[in-house]
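Quick notes on the structure that follows.
Heavy atoms only: backbone and side chains are in, while hydrogens, waters and symmetry mates are out. Worth saying up front: this structure is predicted, and the values here are computed from it rather than measured.
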Amino acid sequence: MKKPIVLVIMDGVGRGDGGSGDAVKVANTPVLDKLMATCPMTYLKAHGTAVGLPSDEDMGNSEVGHNALGCGQVYSQGAKLVGESIENGKLFESKAWISLTENAASGKALHFLGLLSDGNVHSNISHLIALLRHARKQNLKKVYCHILLDGRDVPATSALEYVQQLEDVLAELSDETHEYKIASGGGRMVITMDRYEANWGMVERGWKTHVQADGRQFASASEAIETYRAENPGMIDQDLLPFVVAKDGKPVAKIENGDSVILFNFRGDRAQEISLAFDRKEFDKFDRGDYTGVKFAGMLQYDGDLKIPENYLVEPPVIKNTLTEVLCAAGIREYALSETQKYGHVTYFWNGNRSGKVDESLEVYEEIPSDVIPFEQAPAMKSKEITDRMVEEMASGKFDFLRCNYPNGDMVGHTGVMEAVVTAMECVDAGLGRILEAADKYGYTVCITADHGNADQMTETKKGKTSVRTAHSLNPVPFIIYDKDQKFEIKDGAYGLANVAPTVVKMMGLEAPACWEASMI
């Protein structure tokens, strides 16, 4: 290899339309602007079939994005994987489904917990409905749904549409001897769905809501949503407060010891902590009250190495021949860095859903703890600290391949606060400038890309009405090569995120596995 390589992943930064809702364009980003104007670059497809999702209507996300970046291949993922398992019936033949439904048939309740939307990032309501219908087919009597409201991967105030869709199905499945109802819920950024142990308090609030039925009571989920919106003007679905559905002051259902519980989310990052709370006998993150255990399963196993959870409905893709495996086999020294919010993405997801390292002697991973604060209040996040560490490690000369993730464009983008997202982009741009200076000084080639879009589309217009958009975009993401000493030529072609690993290997003069996509150079 002529030079060591740095890969910078600007999380959530795609190619927008250049309008007032495109925070990437609105922001003052002189470094990124100059790179795009003067360096070899192309745009990569970062959603849909390019990252293993069912169709090109499906948004990409950080998990499948980093899988593709890190393995050079396209695997069936998330919604597609689950959909195939439901369609061919393998899910209902799994040991976990059989065990949990047999337990429910013995007189216990079956509970479904998860994100209620068709965003196809963490879950899909169609999967929940298929599981509910199969439970009714098996004559299960007591089935309850604990719903997390989205407004992040789907329109910001669309919760009532999904609740109505679910209520219609539950009414169809219920009769005098079969009770199928919504039991509890709340916004996904308020309860249950924390990730990377950034805020266990969220998980505890979810536990109290779903398991203990401890919370403000309403006659229905719809009433809860409408009441909270009226009381909190401008509050979007992801921020709605917890609620418990009750009749005559008595909760419809809480998750009792010995019941069966299925977490129907398929994405792993925001499913692991609540899974640990249900799954582990030894647990000290918060007081679980009189909990002694349930029969619990996830839609997928969210961490295969750590066995989170022990039981799951759908076998995960076995991702082999990752970039890290190829580089370690060649003796390449690697460094991976991000703050807590995206640390798992440059390590676990990058390495094909594998915890730990391929070769301890060749790899160093570093996590900078994220602040527990609303991202719009601190849009710089840890960009300065990430940049400081990257520059230090570049100066050390200890590594041949360094990768980092700036979470700002994605995490601040999800808040929907345009001014904060613009600031976030400017902070990433400043960090990128310092990395390029270090590359010139110490002799590195720098590749810049993203895992999906978000900050590039902060508004959306439907039926003539423009509203805030908090979800990922379907836009392509940039791939740029910077080197002050040598020019690379990117070949014409239609590329996706899986083409990045082959390109890195080509730069290093190594042989790519036959199963990989093509190099772009």
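- Between Val500 and Phe479, some side-chain heavy-atom pair lies under the 4.5 Å cut-off.
- Proximity of a side-chain donor or acceptor of Asp11 to a complementary backbone N or O of Asn405 within less than 3.5 Å is not detected.
- Under a 4.0 Å N-O distance rule, the pair Glu197/Lys285 qualifies as a salt bridge.
- Under 3.5 Å, the side chains of Lys45 and Thr49 contain a donor-acceptor pair of N or O atoms.
- Scanning all heavy atoms of the two residues, the minimum distance from His111 to Ala253 falls at CE1-CB, 4.4 Å.
- A pairwise comparison of heavy atoms in Leu91 and Leu131 identifies CD2-CD2, 3.6 Å as the closest pair.
- Using a 4.0 Å cut-off between charged nitrogen and carboxylate oxygen, Glu231 and Arg216 count as a salt-bridge pair.
- A 4.5 Å side-chain heavy-atom check between Glu310 and Lys307 finds at least one atom pair inside the cut-off.
- Taking OH from Tyr302 and CG from Asn265, the interatomic distance works out to 6.0 Å, rounded to the nearest 0.5 Å.
- Distance alone, capped at 3.5 Å, is enough to place a donor-acceptor pair between the Asp259 side chain and the Ala109 backbone.
- Side-chain contact between Asp150 and Tyr162 is absent, with no heavy-atom pair separated by less than 4.5 Å.
- Listed for the His47 side chain is a donor-acceptor partner under 3.5 Å among the backbone atoms of Asp56.
- Salt bridge Lys342/Asp410: present, at least one basic N to carboxylate O contact under 4.0 Å.
- Applying the 6.0 Å contact sphere to NZ of Lys141 captures more than 12 heavy atoms from other residues, nucleotides or ligands.
- Nearest heavy atoms, Ser222 versus Val163: OG-CG1, 3.5 Å.
- Among residues two or more places apart in sequence or in another chain, the ring pair (Phe, Tyr, Trp, His ring centres under 6.0 Å) test is passed with Phe218 by Tyr228.
- Salt bridge Lys382/Glu339: absent, no basic N to carboxylate O contact under 4.0 Å.
- Two residues are said to be in side-chain contact when any heavy atoms from C-beta on lie closer than 4.5 Å; Asn475 and Gln457 meet this criterion.
- A 4.5 Å side-chain heavy-atom check between Glu315 and Leu300 finds every atom pair outside the cut-off.
- A donor and an acceptor atom, one from each side chain of Ser62 and His452, are located under 3.5 Å apart.
- Pro369 and Thr340 get closest at one heavy-atom pair: CA-OG1, 3.1 Å.
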Set out, in order, the CA-CA distance, both residues' side-chain angles and the distance that settles side-chain contact (heavy atoms from CB on, under 4.5 Å) for His178 and Asn139, then state yes or no.
CA-CA 8 Å; His178 297 80; Asn139 199 34; 2.6 Å; yes

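- Across Gln272, Gln341, Glu273, a single residue satisfies side chain to side chain donor-acceptor pair (under 3.5 Å) together with Arg195, and that is Gln341.
- When atom types are taken as modelled, the side chain of Ser275 and the backbone of Ala271 share a donor-acceptor pair closer than 3.5 angstrom.
- Judged by distance alone, the side chain of Ser123 and the main-chain N or O of Leu115 form a donor-acceptor pair under 3.5 Å.
- A donor-acceptor pair under 3.5 Å is absent between the side-chain atoms of Thr29 and the main chain of Glu426, judged by distance alone.
- Judged purely by distance below 3.5 Å, without hydrogens or angles, the side chains of His472 and His414 pair a donor atom with an acceptor atom.
- Cation-pi geometry between Arg15 and Tyr43 is met: the NZ or CZ atom falls under 6.0 Å from the ring centre, inside 45° of the normal.
- Side-chain contact of Ser20 with Asp22: a donor-acceptor pair under 3.5 Å is absent, judged by distance alone.
- Salt bridge Glu179/Lys142: absent, no basic N to carboxylate O contact under 4.0 Å.
- Considering only residues two or more places apart in sequence or on other chains, Phe92 meets the ring pair (Phe, Tyr, Trp, His ring centres under 6.0 Å) condition with Trp97, His134.
- Note on Lys80 versus Asp58: no salt bridge recorded, every NZ/NE/NH1/NH2 to OD/OE distance being 4.0 Å or above.
- With hydrogens and angles disregarded, a donor-acceptor distance shorter than 3.5 Å links the side chain of Asp237 to the backbone of Ser158.
- Between the side chain of Asp168 and the backbone N or O of Leu166 there is no donor-acceptor pair closer than 3.5 Å.
- Using modelled atom types, one finds no donor on one side chain facing an acceptor on the other under 3.5 Å when comparing Arg288 with Gln212.
- Checking Phe349, Tyr75, Trp350 one by one against Asn67, the side chain to side chain contact (heavy atoms under 4.5 Å, CB included) holds for a single residue, Phe349.
- Side-chain contact of Thr459 with Thr466: a donor-acceptor pair under 3.5 Å is absent, judged by distance alone.
- Leu110 and Ala104 get closest at one heavy-atom pair: CB-CB, 4.0 Å.
- At a cut-off of 3.5 Å, with distance as the only test, a side-chain donor of Arg188 or His122 sits close to an acceptor on the other residue.
- For the pair Leu173/Leu132, a side-chain contact is recorded, criterion being any heavy-atom separation below 4.5 Å from C-beta on.
- The pair Arg136-Asp175 meets the salt-bridge criterion, with a side-chain N (NZ, NE, NH1 or NH2) lying under 4.0 Å from an Asp/Glu carboxylate O.
- When atom types are taken as modelled, the side chain of Asn61 and the backbone of Val64 share a donor-acceptor pair closer than 3.5 angstrom.
- Side chain of Asp153 to backbone of Val121: no donor-acceptor contact under 3.5 angstrom is found.
- Taking both residues in full, the closest heavy atoms of Leu313 and Ala297 are given as CD2-CB, 4.3 Å, listed atom of the first, atom of the second, then distance.
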